[in-house]
A.B. asks: 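There's a structure below that I have some questions on.
Each chain gets a letter, A, B and so on, in the order its sequence line appears, and its residues count up from 1.
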Amino acid sequence: MPVIKAMREIERGTAEIIDRERIETLVRNYYEKGEPYRVKLGLDPTAPDLHLGHTVILQKLAAFQQHGAIVQLLIGDFTAMIGDPTGKSETRKVLDRETVRKNAQTYQDQAFKILDPEKTELMFNSTWLDALGADGLIQLTTQYNVARMLERDDFEKRYKSGQSIAISEFLYPLLQGYDSVAMECDIELGGTDQKFNLLMGRHLQRAYNVGKEQAVLMMPILEGLDGVQKMSKSLGNYVGISEPAREIYAKLMSISDELMWRYYELLSTLSLEEITEMKRQVESGELHPKRAKEMLALEITARFHDEAAAQQAKEAFDSLFKARQIPEDIPEVDLEPEIWICKALVEAGLEPSNSQARRDIKQGAVRIDQEKVEDDQLTLEPGEYILQVGKRKFARAKVG
RNA sequence: GGUGAGAUACUCAAGUGGCCAACGAGGGCAGACUGUAAAUCUGCUGGCUUUUGCCUUCGGAGGUUCGAAUCCUCCUCUCACCA
């Protein structure tokens, strides 16, 4: 039964599904009659750098593609001007068309590391929202009322605590919902924080007699490397998918054991059974947790690079941390002779200031050719040295 | 439009004339421990080639004072309440 199997894959790791029946019907229609269906994902073109948090949803889209879906990637070039009220009430900078286009291109390049380009359509919501006009917009606002709008978590909180809510923010969910009308999508994906907006699409599709109501599938928010807050670039706890293999690998190896299982569920393509089995082995002591983490890091690194690069990243990582060896390709700097050690560290880019360098030397964090530096007044004679600060900052210094 | 409150280092936040480079918390960095981590403990967290010293910082510009993050004046910006 391919449908049952497909549904299991589709449901995996989801936070919530609204109208599961409909999804099953769509999948069944595909398998029985070969009819495709449309799955929408809206993207905000403000931050073109994708990280693992975004890939949770992208991978779900990829899963859909394997089961007959045409993915509609929607670039919210129009709505970007308003800004989704979720989160902080920052004033958005208005993006010009050129920037949006460029960001969209970057998005696409990155998204295609996961998605099948053959089954993906790229869309811009300015296409229909520009044409909506004032009357269309007013027409749209009549489809909803303030009381219901205030039901939205975020609005409710702010309203009760007396924080301001701009009228334009009310428009965001409406416009996002209207996108679904224009796109005639069957399913929309999003994070749990998007629930209100996603349901709006359902509501508006009915109001505008599209002839269908989109099912909604929500993915949980991926925790960042700290395991507490959501993964985001601004919090610095993210793994970017265009980062070098070594970075991705090292960052993944730094997560806690607990978080590792979460990542397995949401990011790995291993089946749920395999993951459960692995977890059992770790608990019984048959498998070292570090080993399990290595496999995860390898899998994900390979996804954005390739097997060989992942393997190399692992080796570099092992030699750096396990054997405390020096990595092969480290930055080189030329320094003048008799240079003061602190200054040398700053010039090599290992330290931000002489003072910081001095502090680190006092703490025994600085090494030259593996030897701990004790004297912060040291000057370097001509020659070649490996400078090191902490465990991971290295530079090769040519003095003279 | 009126009234009031506020602006302090990466973030939150104490400090209301000298003991302030500025309490505390978070974050970050480093050391110990380890599995590379996480947790825990410890130290550091403005700059300066010489550090029981010097210089620059507490929204901006002036002023009072031997001495100002702290007092005064003006300016800029935020926020709250009332219209």
Side-chain angles (χ1 to χ4, degrees), chain A residues 87-91 158-166 223-239 245-264 278 281-283 285-298 300-301 310 313-327 335-368 370-380 387-394:
Chain A
K88 282 147 209 161
S89 48
E90 270 169 40
T91 325
R158 281 161 65 189
Y159 187 66
K160 277 190 181 154
S161 68
Q163 285 180 287
S164 86
I165 301 170
E223 293 86 347
L225 298 172
D226 54 16
V228 182
Q229 286 177 287
K230 73 169 191 176
M231 182 176 282
S232 87
K233 205 173 178 194
S234 54
L235 292 171
N237 59 358
Y238 71 106
V239 180
R246 201 169 292 185
E247 282 293 308
I248 295 179
Y249 186 87
K251 281 185 177 180
L252 287 170
M253 287 305 281
S254 79
I255 63 176
S256 71
D257 290 356
E258 203 187 333
L259 188 60
M260 166 173 81
W261 297 118
R262 180 80 175 145
Y263 277 28
Y264 256 118
M278 192 185 296
Q281 289 184 357
V282 166
E283 269 158 20
E286 290 166 61
L287 182 68
H288 197 292
K290 185 191 166 193
R291 185 75 202 111
K293 205 179 292 176
E294 280 172 355
M295 288 191 278
L296 176 71
L298 278 172
I300 292 171
T301 309
K314 176 185 184 313
E315 277 154 26
F317 183 87
D318 287 345
S319 70
L320 177 53
F321 289 101
K322 209 186 271 170
R324 291 232 166 170
Q325 277 172 3
I326 296 146
L335 300 169
E336 64 221 50
E338 299 297 313
I339 191 170
W340 180 38
I341 177 66
C342 291
K343 199 159 201 158
L345 293 169
V346 173
E347 292 208 358
L350 302 180
E351 293 282 16
S353 71
N354 293 352
S355 299
Q356 183 61 45
R358 196 190 293 267
R359 282 193 284 268
D360 278 340
I361 289 172
K362 256 180 211 156
Q363 299 202 99
V366 175
R367 286 162 193 274
I368 295 177
Q370 310 276 49
E371 292 282 321
K372 195 177 281 185
V373 176
E374 310 277 359
D375 176 17
D376 64 2
Q377 294 307 317
L378 189 73
T379 55
L380 298 179
L387 305 178
Q388 180 184 358
V389 177
K391 281 176 198 148
R392 46 186 79 192
K393 282 180 281 187
F394 293 92

A.B. asks: Between A/Q356 and A/R359, do the side chains contain an N or O donor and an N or O acceptor separated by less than 3.5 Å?
C.D. replies: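 Result is yes, a qualifying pair exists.
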A.B. asks: Starting from the 5' end of RNA chain B, give me the residue, A/K362 or A/A250, whose nearest nucleotide shows up first.
C.D. replies: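 Going by which nucleotide is closer to the 5' end, it is A/A250.
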A.B. asks: Any heavy-atom pair between the side chains of A/D318 and A/E294 that's under 4.5 Å?
C.D. replies: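 SC-SC contact between A/E294 and A/D318 confirmed.
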A.B. asks: What is the pairing partner of B/U51, taking Watson-Crick or G-U wobble pairs with both distances under 3.5 Å in any strand?
C.D. replies: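 Result: none.
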A.B. asks: When you measure from the side chain of A/S355, which nucleotide among B/U36, B/A30, B/G47 comes out closest?
C.D. replies: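 Between B/U36, B/A30, B/G47, the one nearest the side chain of A/S355 would be B/G47.
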A.B. asks: In whole angstrom, give me the gap between the P atoms of B/G17 and B/C72.
C.D. replies: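 Taking atom P in both B/G17 and B/C72, they lie 11 Å apart.
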A.B. asks: In whole Å, measure the gap between the C1' atoms of B/A69 and B/A7 for me.
C.D. replies: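 About 12 Å, rounded to a whole number of Å.
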A.B. asks: When you compare B/C54 with B/G4, how far apart are their P atoms, in angstrom units rounded to a whole number?
C.D. replies: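 To the nearest whole Å, 44 Å.
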A.B. asks: Heavy atoms only, 4.0 Å cut-off, all strands: where does A/R358 land among base, sugar-phosphate and nothing?
C.D. replies: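 Here A/R358 touches the bases of the nucleic acid.
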A.B. asks: From A/K343 NZ over to A/I341 CD1, what is the distance, rounded to the nearest 0.5 angstrom?
C.D. replies: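 Going from NZ on A/K343 over to CD1 on A/I341, the span is 13.0 Å.
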A.B. asks: Under the salt bridge (Lys or Arg N to Asp or Glu O under 4.0 Å) test, which residues partner A/E286, sequence neighbours left out?
C.D. replies: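 For A/E286 the salt bridge (Lys or Arg N to Asp or Glu O under 4.0 Å) partners, ignoring immediate neighbours, are A/R280.
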A.B. asks: Can you tell me the distance, in whole Å, between the CD atom of A/Q356 and the C1' atom of B/C48?
C.D. replies: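 So the CD-C1' distance, A/Q356 to B/C48, works out to 14 Å.
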A.B. asks: Can you tell me how far P of B/A38 sits from CD1 of A/I255, to the nearest Å?
C.D. replies: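 Rounded to whole Å, this separation is 11 Å.
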A.B. asks: Distance between the P atoms of B/A30 and B/A37, in whole angstroms?
C.D. replies: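 It comes out at 10 Å once rounded to the nearest Å.
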A.B. asks: Tell me the interatomic distance from A/D376, atom CG, to B/U51, atom P, rounded to whole angstroms.
C.D. replies: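 In whole Å, B/U51 P and A/D376 CG are 10 Å from each other.
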A.B. asks: Whether A/S353 contacts B/G46 is assessed here as follows: a side-chain N or O lying under 4.0 Å from the phosphate OP1 or OP2. Is that the case?
C.D. replies: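 No.
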A.B. asks: Would you say a side-chain N or O of A/S256 is under 4.0 Å from OP1 or OP2 of B/A37?
C.D. replies: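 No, A/S256 has no side-chain N/O under 4.0 Å of OP1/OP2 on B/A37.
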A.B. asks: Partner of B/A37 by Watson-Crick or G-U wobble geometry, both contacts under 3.5 Å, or none?
C.D. replies: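 B/A37 is paired with nothing.
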A.B. asks: In whole Å, measure the gap between the C1' atoms of B/A14 and B/C29 for me.
C.D. replies: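 Taking atom C1' in both B/A14 and B/C29, they lie 24 Å apart.
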A.B. asks: Measure from CD1 on A/I361 to P on B/U45 and round the result to the nearest Å.
C.D. replies: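 A/I361 atom CD1 is separated from B/U45 atom P by 15 Å.
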A.B. asks: Please confirm whether the shortest side-chain N or O distance from A/K391 to OP1 or OP2 of B/A37 is below 4.0 Å.
C.D. replies: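 Result: yes.
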A.B. asks: Can you check the A/K372 NZ to B/A30 C1' distance for me, whole Å?
C.D. replies: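 Those two atoms, NZ and C1', are 11 Å apart.
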A.B. asks: Using atom CG of A/D226 as one end and atom P of B/A37 as the other, report the distance to the nearest whole Å.
C.D. replies: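 From A/D226 CG to B/A37 P: 17 Å.
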A.B. asks: In whole Å, what separates the C1' atom of B/A5 from that of B/A38?
C.D. replies: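 The same atom, C1', in both gives a distance of 43 Å.
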A.B. asks: Compare the minimum distances between each of B/U45, B/A37, B/G31 and the side chain of A/R359, then state the nucleotide with the smallest one.
C.D. replies: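 Among B/U45, B/A37, B/G31, the one nearest the side chain of A/R359 is B/U45.
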A.B. asks: Can you tell me the pairing partner of B/C77 across any strand shown, Watson-Crick or G-U wobble, with both distances under 3.5 angstrom?
C.D. replies: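 Check on B/C77: paired to B/G6, both distances under 3.5 Å.
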A.B. asks: As a test of reading the structure: which of B/C48, B/A37, B/A30 is closest to the side chain of A/S254, going by heavy atoms?
C.D. replies: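 Taking heavy atoms from C-beta onward, the closest nucleotide is B/A37.
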A.B. asks: Say we look at B/C10 and B/C58: how far apart would their C1' atoms be, to the nearest angstrom?
C.D. replies: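 Per the computed distance, 15 Å lies between those C1' atoms.
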A.B. asks: Quick one: does A/Q388's side chain have a donor or acceptor within less than 3.5 Å of a partner on A/G390's backbone?
C.D. replies: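 Side chain of A/Q388 to backbone of A/G390, a donor-acceptor pair under 3.5 Å: yes, one is there.
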A.B. asks: Quick one: A/E294 CD to B/U36 C1', roughly how many Å, whole number?
C.D. replies: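 Roughly 9 Å, once rounded to whole Å.
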A.B. asks: Report the distance from atom CE of A/M260 to atom C1' of B/A37, rounded to the nearest whole Å.
C.D. replies: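 Roughly 11 Å, once rounded to whole Å.
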A.B. asks: Would a distance-only check, ignoring hydrogens and angles, find a side-chain to backbone donor-acceptor pair under 3.5 Å from A/K293 to A/I255?
C.D. replies: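 The answer is yes, because a donor-acceptor pair under 3.5 Å joins these two groups.
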A.B. asks: Supply the atom-to-atom distance A/D360 CG to A/K393 NZ, rounded to the nearest 0.5 angstrom.
C.D. replies: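 Taking CG in A/D360 and NZ in A/K393, the distance rounds to 6.5 Å.
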A.B. asks: Both distances under 3.5 Å, Watson-Crick or G-U wobble: report the partner of B/C71, or none.
C.D. replies: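 Pair assignment: B/C71 / B/G63.
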A.B. asks: Under 3.5 Å for both donor-acceptor distances, Watson-Crick or wobble: does B/C44 have a partner, and if so which one?
C.D. replies: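 Per the H-bond distance test, B/G28.
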A.B. asks: Given the P atoms of B/C74 and B/G2, what is the spacing between them in whole Å?
C.D. replies: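 Each nucleotide's P atom is 16 Å from the other's.
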A.B. asks: For B/A13, give its Watson-Crick or G-U wobble partner with both distances under 3.5 Å, or none.
C.D. replies: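 Check on B/A13: unpaired, no WC or wobble geometry under 3.5 Å.
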A.B. asks: Taking the nucleotide of RNA chain B with the nearest heavy atom to each, does A/H288 or A/W340 sit closer to the 5' end?
C.D. replies: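 Closest to the 5' end, via its nearest nucleotide, is A/H288.
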